[in-house]
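Following this message is one structure expressed as structure tokens.
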Amino acid sequence: MRASRTFNIVYAVALILVGAALLAAWLLLDMASLWEGFCLGAGITLLAAGIYVAAAFVWKGSTDASGTEYWLPSRDTGGSAGPLPGPKGGGQP
């Protein structure tokens with residue numbers, strides 16, 4: 001199940017805003033080293049995660065340029081891809 005378009009946009013914006021707020025707190029507030037490091041690390045991580053979510057949403061879709069949906073193996077076999085093939089040669093390693 002794919003997340004809705006609105007959810008992806010709100011999720012990406014929220015991650016970016018919280019990350020920016022933590023970086024702003026790191027820059028503006030004079031804190032002890034533990035909290036300073038927390039704000040810096042979490043801010044950069046959340047900014048990177050927000051950019052990743054936004055880029056993945058823009059870059060990846062469920063259809064190609066012609067509007068055809070991507071092929072999934074599970075659609076051909078009724079929902080199950082079946083057992084995986086065994087090792088070649090049939091013997092024990």
Side-chain angles (χ1 to χ4, degrees):
M1 184 172 124
R2 290 184 53 140
S4 71
R5 175 182 171 91
T6 305
F7 176 78
N8 282 336
I9 292 170
V10 169
Y11 187 52
V13 168
L15 286 172
I16 291 170
L17 288 178
V18 171
L22 285 171
L23 285 177
W26 171 70
L27 289 172
L28 298 175
L29 301 176
D30 186 25
M31 297 179 277
S33 63
L34 174 68
W35 293 109
E36 181 180 0
F38 171 76
C39 287
L40 179 61
I44 291 172
T45 302
L46 289 174
L47 280 175
I51 291 169
Y52 172 78
V53 169
F57 171 71
V58 170
W59 185 268
K60 184 177 166 184
S62 62
T63 59
D64 59 10
S66 66
T68 306
E69 285 192 23
Y70 290 129
W71 173 78
L72 296 174
S74 60
R75 291 188 182 158
D76 287 345
T77 60
S80 174
L84 295 174
K88 294 188 180 194
Q92 293 287 348

(request) For V18 and L46, work out which heavy atoms get closest and say how close. (result) CG1-CD1, 3.5 Å

(request) Following the transitive rule for hydrophobic clusters with a side-chain heavy-atom cut-off under 4.5 Å over Ile, Leu, Val, Met, Phe, Trp and Tyr, establish whether L27 and W35 coincide in one cluster. (result) no

(message) My understanding is that only residues two or more places apart in sequence, or in another chain, count here; which of them pass side-chain contact (heavy atoms from CB on, under 4.5 Å) with L34?
(response) none

(message) Taking the side chain as everything from C-beta on, heavy atoms only, tell me whether L47 gets closer than 4.5 Å to L15.
(response) no

(message) Going by side-chain contact (heavy atoms from CB on, under 4.5 Å), name the residues that satisfy it together with V10, two or more places apart in sequence or in a different chain.
(response) T6

(request) List the atom of G50, the atom of A12, and the distance in Å for their closest heavy-atom pair. (result) O-CB, 3.8 Å

(request) Flag yes if V53 and L23 sit in one hydrophobic cluster, no otherwise; membership is Ile, Leu, Val, Met, Phe, Trp, Tyr, and two members link when side-chain heavy atoms are under 4.5 Å apart. (result) no

(request) Please identify each residue that fulfils ring pair (Phe, Tyr, Trp, His ring centres under 6.0 Å) with Y11, with sequence neighbours left out. (result) F7

(message) Would a single hydrophobic cluster contain both W26 and I44, if residues Ile, Leu, Val, Met, Phe, Trp and Tyr are joined by side-chain heavy-atom contacts under 4.5 Å?
(response) yes

